[in-house]
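Step one of this worksheet: look at the structure below.
These numbers come from the heavy atoms of this one structure, side chains and all, not from hydrogens, waters or symmetry mates. Order of listing sets the numbers, starting from 1, for every ligand and every atom in it.
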Amino acid sequence: MTDAATIKELKESPIAPGQLLIDGKWLDSLNGSTREVVSPIDGQVLTRIADADATDVDLAVKAARRAFESGSWSDMAPAGRKAVLTRLADLIDAHREELAVLGVRDNGTELEMALKAEPGSAAGSFRYYGESVDKIYGQIAPTSTKALGLISREPVGVVGVIVPWNFPLMIGAWKIAPALAAGNAVVLKPSESASLSLLELARLAMEAGVPDGIFNVVTGSGATTGEALGLHPDVDVLAFTGSGGIGRRLLNYSAQSNIKRVYLELGGKSPHIIFADAPDIEAAAACAVSGIFRNSGQVCIAGSRLLVQREIYDEFLDRVVAGAEKLVVGDPLDPATDVGAVHSLEQLEIDLSYVDAGMTEGALLRTGGKRIHESSGGYYMSPTVFSDVTPDMRIAQEEVFGPVLAVTPFEDEQQAVELANSTALGLAAGVWTRDLSRAHRMIRKIKSGLIHVNCYGGSDITVPLGGMKQSGNGHDKSLLALDKFTDVKTAWINLGA
Ligand code: NAD
């Protein structure tokens, strides 16, 4: 547990303006342009960051290419890369509180959650991928004895990484760590509204011994900095987490430029399904509440559609509404807070527009639906529960990415599956039942990359996370993530007649 005096000191400490990291040097953007960083806690300006344009992005990609081709990293023995990346993991652990508080000031996540999900998870990722690379072998194909088929993996070259504002350190590390471990050079574009903790990560990466040019950071807007990276003809792979709309653009950028490989981790509209035979109704209700409201619903796998079997619908709904009303919403750095700030004023307005949509389309607002603590200057919203939601409503189809839960009754297993699969997205799901056979049938029939059984959330680096349908392609986490950042090469060697 972090002590209050340390948090207060970190909360009040000034933050130096952020620069670009290109070829191991901290630089202003060439045209000197910068942008404000506003804290969602109180709406105050925290600092400024550099606003990179296409020229800066080009410099970063060229530096990455040069560093990659020099072999300073890609030709290093895997054990050497392992030593650097595990050192970086240790440095993240040593700076855990600074990194977490910096991120919370930037994006409003509750501190307890941020400590675990941000530095905790990022350190774990660098350690896991660092440790993995000197344990993975190539293959020899089962050919006739007249030839030798060698199958090996090579780094792809320059990897562009574009990440969102929720959990920037964790999601950034899920991509940066395997990309670096595999021997690539990286150009990272953080979200313009959550760059600070990733800039600090870059400083620690330099301290850990990542060679100049192997890890570059370009901050700035999606429309300028992100687009320049997406269109750059010398980026080999783009690894993206964010919204479906921007994911589509990246696919276009690839088609317009060098057909770079594009991996997309996109949004979800995840069903959380409660059967009447759930083993523990109280635990299921508590999980339904935390599954949507932690981090103000700004979690890609948030269980934003609650499907409840008719026999227990009224009782379960009452429990969920009561649970939502008990949550303390407020300053994410206050230990008494359960739910922190909505990330930005723009996001808050989107969330409230979905409350209007729910009411207009005939769902019943059971609790919440309002901006609160406005006098603080920050962006807070009361946990919101709609019941009697039908599958055609916007709040049942579209990702809100805010604290809004849509609750729908179902009659039987078949209808639960139909409702679960009734959106274009397929990121996560949850099923509560004590019937093991039914749990397995649901696992098989629900189209989503991740399914929880008798729980929601909680996982670790050893299991992959990726979407089905329009929730994306490829995987973060686990050894599967290395596939994105490596090319497979076959050598066919003639052993003589
Ligand atoms: P976003 O798509 O608006 O932005 C993501 C990143 O893309 C940011 O860095 C942004 O600057 C950049 N970007 C924006 N426009 C761009 C352009 N034209 N070209 C290139 N880059 C551009 O998403 P967001 O609002 O930051 O994050 C929320 C979204 O992320 C939600 O949809 C959420 O579900 C999704 N998400 C998915 C996962 C997952 O693992 N599947 C995890 C977390 C968040």
Taking distance alone, with N or O pairs closer than 3.5 Å, would you say Trp174 contacts ligand 1? no

Quick one: does atom 4 (O) of ligand 1 have a protein heavy atom under 4.0 Å from it? no

Is a side-chain donor-acceptor pair under 3.5 Å present for Asp51 with Ser29? no

If you measure every N or O of Tyr253 against every N or O of ligand 1, does any of those distances drop under 3.5 Å? yes

Before accepting this row, confirm whether a basic side-chain N of the pair Arg65/Asp236 lies closer than 4.0 Å to the acidic partner's carboxylate O. yes

For Ser243, the atoms of ligand 1 under 4.0 Å from one of its heavy atoms are 1 (P), 2 (O), 3 (O), 23 (O), 29 (C), 30 (O), 32 (O)

Ion pair present between Arg203 and Glu207, side-chain N to carboxylate O less than 4.0 angstrom? yes

Output yes when Asp212 and Arg66 qualify as a salt bridge under the 4.0 Å nitrogen-oxygen rule, no when they do not. no

Say whether Glu192, considering both its backbone and side-chain N or O atoms, lies within less than 3.5 Å of an N or O atom on ligand 1. yes

Between Glu399 and ligand 1, is there a nitrogen or oxygen pair with a distance under 3.5 Å? yes

Could an N or O of ligand 1 be found under 3.5 Å from any N or O of Leu266, whether backbone or side chain? yes

Taking 4.0 angstrom as the limit and counting only heavy atoms of Ile171, give me the atoms of ligand 1 inside it, by number and element. 42 (C), 43 (C)

Lys62/Asp23 ion pair, N-O < 4.0 Å: no

To atom 12 (C) of ligand 1, the nearest of Val161, Leu425, Ile162 on a heavy-atom basis is Ile162

Rounded distance [0.5 Å steps], CD1 in Ile162 versus NZ in Lys175: 10.5 Å

Taking distance alone, with N or O pairs closer than 3.5 Å, would you say Lys189 contacts ligand 1? yes

Of all the heavy atoms in Phe167, does at least one lie under 4.0 Å from an atom in ligand 1? no

Atoms of ligand 1 under 4.0 Å from any heavy atom of Leu427, numbered from 1 in the order shown, are 41 (N)

Nearest non-hydrogen contact to atom 21 (N) of ligand 1 from the set Ala228, Cys300, Gly160, Gly226 belongs to Gly226

So, regarding Val163 and ligand 1 (criterion: nitrogen or oxygen to nitrogen or oxygen, under 3.5 Å), is there a contact or not? yes

Can you tell me if Asn184 uses its side chain to pair, donor with acceptor, with the backbone of Val159 under 3.5 Å? no

Using a strict cut-off of less than 4.0 Å between a Lys/Arg side-chain nitrogen and an Asp/Glu carboxylate oxygen, indicate whether Arg127 and Glu131 qualify as a salt bridge. no

Element-labelled atoms of ligand 1 that are located less than 4.0 Å from some non-hydrogen atom of Leu250: 20 (C)

Is there a donor-acceptor contact under 3.5 Å from the side chain of Ser221 to the main chain of Thr224? yes

